[in-house]
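Just so you know, ligand 1 is whichever comes first in the structure, and atom 1 is the first atom listed for that ligand. Excluded from the calculations below are hydrogen atoms, water molecules and symmetry mates; all remaining heavy atoms, backbone and side chain alike, are included. No experiment lies behind these values; they were computed from the predicted model shown.
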Amino acid sequence: MTAPRVLVTRHLPEGGLDPLIDAGYDITLPVPGETLSHDDVVALIPGHAGLVCDLTDLTDAAVIEAGAPTLRIVATVSVGFDKIDRVAAAAHDVAVTNTPGVLDETTADLAFLLILTAARRSSGAEADLRAGRWTGWAIDDHLGTDVHGATLGVVGFGRIGRAVARRAEGFGMTVLHSTRRPTGIAGYVDSLDELLERADIVSLHIPLTPETRGLIGAKQIARMKEGSVLINTARGPIVDEDALVDALESGHLFAAGLDVFDGEPALNPRLLTAPNLTILPHIGSATHATRRNMAQMSSASVVTVLQGGTPDNLVPPPL
Ligand code: DGY
């Protein structure tokens, strides 16, 4: 019997392919230093039983259809699966898996870094120091807003949202959260509007779906408290970036921190000059250990599915 073939769109961290190697699968990788484009994947996928991709790979109907009928699983090395056409996958009986759990704490650390950096405006302060604009300590220099004692509004209370909430408790913050369904947990508020109106700092932890695209627009930002802070480590298109920049420019928002962007890696040029905005290049899960764990989880999912099992991290088809 020939070994199942698995196409991997890029070189993964060391050890990331171990489950596939241990299972004796036939792995197709790009040449060293390269990644596969969408066209490459469409051309190469026929005959493969598994595809390991990530959040930058558009795994649309063209990929799924080119892989059918041999393709049985698409495993994305990410928790987000918004680039995968789950309708096409379900239509062709292709399982979809992601990497929940292994990146929660690392991503929550980064969200908290942005909360602190934005509220204390530390990236602007460092930029001033590096540029020689600092003339010495002054009573009114680089003033931020306190994180301790503030009210944090967590939008979406899944694993990452809860991990951010745990950190906030250590900072003596009051934590509110809003979700689609009541959680029965203290701090639950039953409308996003109420959360936006009550929080000093709002942090987004929801997936990108048709319902959440543009969820935080000009109207929602206007509901946020004067002088509040917005943090997005989820997906860029959830926030209307122009509305965010308007609110930073007008001073309605005190500061913001973004790790994700609409249309990344391209950046809305207004983000580069917006005041009191910290921007990071989508590094929420970027630690050595977490990226290796994510890669191993994806590889293990491929093995589970190809051996006839059902992995815990199966992404359900859309309703
Ligand atoms: C994900 O996994 O979806 C994050 O955005 C990056 O790790």
Would you mind listing every salt bridge (Lys or Arg N to Asp or Glu O under 4.0 Å) that reaches into residues 300-315, with sequence neighbours excluded?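 Every candidate salt bridge (Lys or Arg N to Asp or Glu O under 4.0 Å) pair involving residues 300-315 fails, so no pair, neighbours aside, qualifies.
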List the residues meeting ring-ring contact (aromatic ring centres under 6.0 Å, His included) with His48, not counting sequence neighbours, and say none if there are none.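 Partners of His48 by the ring-ring contact (aromatic ring centres under 6.0 Å, His included) criterion come out as none, since no residue qualifies.
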Do Val52 and Thr9 have side-chain heavy atoms sitting under 4.5 Å apart?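 No, every pair of side-chain atoms sits at 4.5 Å or beyond.
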For residues Val229 and Val202, determine if any side-chain heavy atom of one lies less than 4.5 Å from a side-chain heavy atom of the other.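 Heavy-atom side-chain distance check fails, nothing below 4.5 Å.
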Which parts of the protein, at residue level, reach under 4.0 Å of ligand 1 through a heavy atom?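 Residue list for ligand 1: Leu55, Ser78, Val79, Gly80, Leu103, Arg235, His282, Ser285, Met294.
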What side-chain donor-acceptor pairs closer than 3.5 Å can you find for residues 107-123, not counting sequence neighbours?
unit_1	atom_1	unit_2	atom_2	d
Thr107	OG1	Leu103	O	2.8
Asp109	OD1	Arg167	NE	2.9
Asp109	OD1	Arg167	NH2	2.9
Thr117	OG1	Leu113	O	2.7
Arg121	NE	Asn276	OD1	3.2
Arg121	NH2	Phe254	O	3.0
Ser123	OG	Thr278	OG1	2.7

Is it true that Tyr188 and His177 have ring centroids separated by less than 6.0 Å?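 Between His177 and Tyr188, which both carry aromatic rings, the centre distance is below 6.0 Å.
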